[in-house]
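Only one structure is covered here, and it is reproduced in the block below.
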Amino acid sequence: MMKKDGKMKFAITSKGDATSNTLMQKMKTYLLDFELEYDEDQPDLVISVGGDGTLLYAFHRYRSRLDKTAFIGVHTGHLGFYADWVPDEIEKLVIAIAKTPYQVVEYPLLEVIIRYNNGGKEARYLALNECTVKSVSGTLVMDVEIKGDLFETFRGDGLCISTPSGSTAYNKALGGAILHPSLQAIQVAEMASINNRVFRTIGSPLVLPAHHTCLLKPVNDVDFQITVDHLSLLHKDVKSIQCRVANEKIRFARFRPFPFWKRVRDSFICD
C-alpha cells in the first residue's frame with residue numbers, strides 16, 4: 001500500500017488530553033522527517049491517538065473517503081478495540097508507516113436510513129459500532145420488519161443494531177453475541193423488552209446477513225432519540241428507520257497481526 005510517488009499523505013486525530021496531544025506532535029514530527037506529507041483533508045492514512053472514541057470520531061470525520069483512507073489506532077488509556085498500538089511503540093510504528101507496505105483489513109459498517117412522514121429528505125448515516133433507537137418519553141413501540149415481512153411488534157426501552165466490530169460495545173452489555181468482523185452481518189439486540197400474556201417479542205438477539213434489511217416502523221406518533229455511534233440525534237415525524245450492512249467498509253492499516261479473539265480476550269478476560 002505504498003504511494004506511487006512514494007509520498008504517503010497522513011493525518012492525526014487526538015483525544016485532546018495532554019498525553020495524546022504530545023504523542024500526536026511527536027508522531028507528526030517523525031513522519032514529516034521521513035518525508036511523508038501531512039494532509040488533513042485527503043489523507044491516505046489516519047492515525048487516531050486516544051481511545052476507541054477518538055477513532056469513532058476520526059471515522060465519522062473521514063466517512064466520505066472510506067475507500068481511499070485507512071485507519072490506525074494508538075491507545076493512550078485502556079486497551080482500545082480499534083487502537084492496537086501503545087505509546088512505547090511510537091518509534092516502531094513510525095518506521096513501519098514510513099518504510100513498509102501495510103496490509104488492509106476491512107470491517108463491515110451499518111447503514112441507517114431515516115425516512116420522514118412529511119416526505120422530507122431522508123437522512124443516511126454510517127455506524128462503525130451501533131445505532132440505538134429509544135422513544136423520548138415512555139415505551140418504545142416499533143413494528144420490526146425483516147426482508148419486508150413483519151417479524152414482531154417490539155415494546156420496551158429500545159433497540160440496538162450493531163456491527164460485528166461494535167458487537168463488543170453496547171450490544172455486549174445487552175446480552176448480544178460477539179461477532180467476528182469477517183462476518184458481513186448486523187445484530188439486533190433488545191433493551192428491556194416487555195413480555196407478558198398480551199405482548200411478546202423474540203427476546204433474543206438476531207443476527208442478519210448482508211442481504212437482509214431490518215426496517216423499524218413507529219406504531220405511535222412519538223419523537224425518537226437515535227444514536228449513531230457517539231452522535232445523539234432527536235428525530236420527529238419518523239416514518240421508518242432502515243438498517244442493513246452498508247456497501248462501504250472501514251479499512252484498517254495493519255503492520256502486524258492483531259487477531260480479533262485475542263483483542264476480545266485482552267479487553268474482557270485478561271488483567
Show the nearest heavy-atom pair for residues [X] and [Y], with the distance to one decimal.
{"X": "His60", "Y": "Asp229", "result": "NE2-OD2, 2.7 Å"}
{"X": "Tyr38", "Y": "Ala11", "result": "CE1-CA, 3.8 Å"}
{"X": "His75", "Y": "Ala83", "result": "CD2-O, 3.1 Å"}
{"X": "Ala253", "Y": "Leu45", "result": "CB-CD1, 3.6 Å"}
{"X": "Ala177", "Y": "Ser167", "result": "O-CB, 3.5 Å"}
{"X": "Phe255", "Y": "Ala96", "result": "CE2-O, 3.4 Å"}

How many angstroms lie between [atom1] in [X] and [atom2] in [Y], if you round to the nearest 0.5 Å?
{"X": "Leu93", "Y": "Ile47", "atom1": "CG", "atom2": "CD1", "value": "6.5 Å"}
{"X": "Leu208", "Y": "Cys214", "atom1": "CG", "atom2": "SG", "value": "6.0 Å"}
{"X": "Ser267", "Y": "Ile178", "atom1": "OG", "atom2": "CD1", "value": "9.0 Å"}
{"X": "Ser162", "Y": "Asn129", "atom1": "OG", "atom2": "CG", "value": "8.5 Å"}
{"X": "Ile226", "Y": "Cys131", "atom1": "CD1", "atom2": "SG", "value": "6.5 Å"}
{"X": "Leu31", "Y": "Ile12", "atom1": "CG", "atom2": "CD1", "value": "6.0 Å"}

Quick check: do [X] and [Y] have side-chain heavy atoms less than 4.5 Å from each other?
{"X": "Thr132", "Y": "Leu159", "result": "no"}
{"X": "Lys92", "Y": "Arg256", "result": "yes"}
{"X": "Glu152", "Y": "Glu190", "result": "yes"}
{"X": "Val49", "Y": "Thr13", "result": "no"}
{"X": "Phe154", "Y": "Val188", "result": "no"}
{"X": "Glu40", "Y": "Arg61", "result": "yes"}
{"X": "Ser48", "Y": "Phe71", "result": "no"}
{"X": "Gln225", "Y": "Leu234", "result": "yes"}

Please tell me whether [X] and [Y] are part of a single hydrophobic cluster in this structure, the criterion being side-chain heavy atoms less than 4.5 Å apart.
{"X": "Ile241", "Y": "Leu206", "result": "yes"}
{"X": "Leu110", "Y": "Met191", "result": "no"}
{"X": "Val144", "Y": "Val245", "result": "yes"}
{"X": "Ile250", "Y": "Val105", "result": "yes"}
{"X": "Phe10", "Y": "Ile95", "result": "yes"}

Less than 4.0 Å between a side-chain N and a carboxylate O, is that true for [Y] and [X]?
{"X": "Glu248", "Y": "Arg65", "answer": "no"}
{"X": "Arg254", "Y": "Asp84", "answer": "yes"}
{"X": "Glu35", "Y": "Lys7", "answer": "no"}
{"X": "Asp44", "Y": "Lys9", "answer": "no"}

Looking only at side-chain N and O atoms, does [Y] offer a donor or acceptor that is under 3.5 Å from a partner on [X]?
{"X": "Asn195", "Y": "Thr201", "answer": "yes"}
{"X": "Ser232", "Y": "Thr227", "answer": "no"}
{"X": "Thr76", "Y": "Ser20", "answer": "yes"}

Is there a side-chain contact (heavy atoms from CB on, under 4.5 Å) between Met142 and Lys217 once you walk through the steps? CA-CA 5 Å; Met142 279 280 189; Lys217 288 183 172 173; 5.5 Å; no
Qualifying residue, where the test is side-chain contact (heavy atoms from CB on, under 4.5 Å) with Tyr30 and the options are Lys26, Lys28, Met27: Lys26
Does the structure place the NZ or CZ of Lys15 under 6.0 Å from the centre of the six-membered ring of Tyr57, at an angle of no more than 45° from the ring's axis? no
Could you give me the CA-CA distance, side-chain angles and deciding distance for Tyr102 and Met8, then say whether side-chain contact (heavy atoms from CB on, under 4.5 Å) is met? CA-CA 12 Å; Tyr102 53 83; Met8 198 192 327; 4.0 Å; yes
Around Asn247, counting heavy atoms of other residues, nucleotides and ligands shown, do more than 12 lie under 6.0 Å from its CG? no
Heavy atoms of other groups near Lys147 NZ, more than 12 under 6.0 Å: no
The test is side-chain contact (heavy atoms from CB on, under 4.5 Å); show your working for Phe81 and Arg263 and say whether it passes. CA-CA 7 Å; Phe81 234 80; Arg263 207 172 322 174; 3.9 Å; yes
Where does the angle between the aromatic ring planes of Tyr116 and His235 fall among parallel (under 30°), tilted (30 to 60°) and perpendicular (over 60°)? parallel
Parallel, tilted or perpendicular for Tyr107 and Tyr82, by the 30°/60° rule? tilted
Run the side-chain contact (heavy atoms from CB on, under 4.5 Å) test on Val46 and Leu55 for me, step by step, so that the C-alpha distance in whole Å, both residues' side-chain angles and the decisive distance to 0.1 Å come before the verdict. CA-CA 9 Å; Val46 171; Leu55 198 130; over 6 Å; no
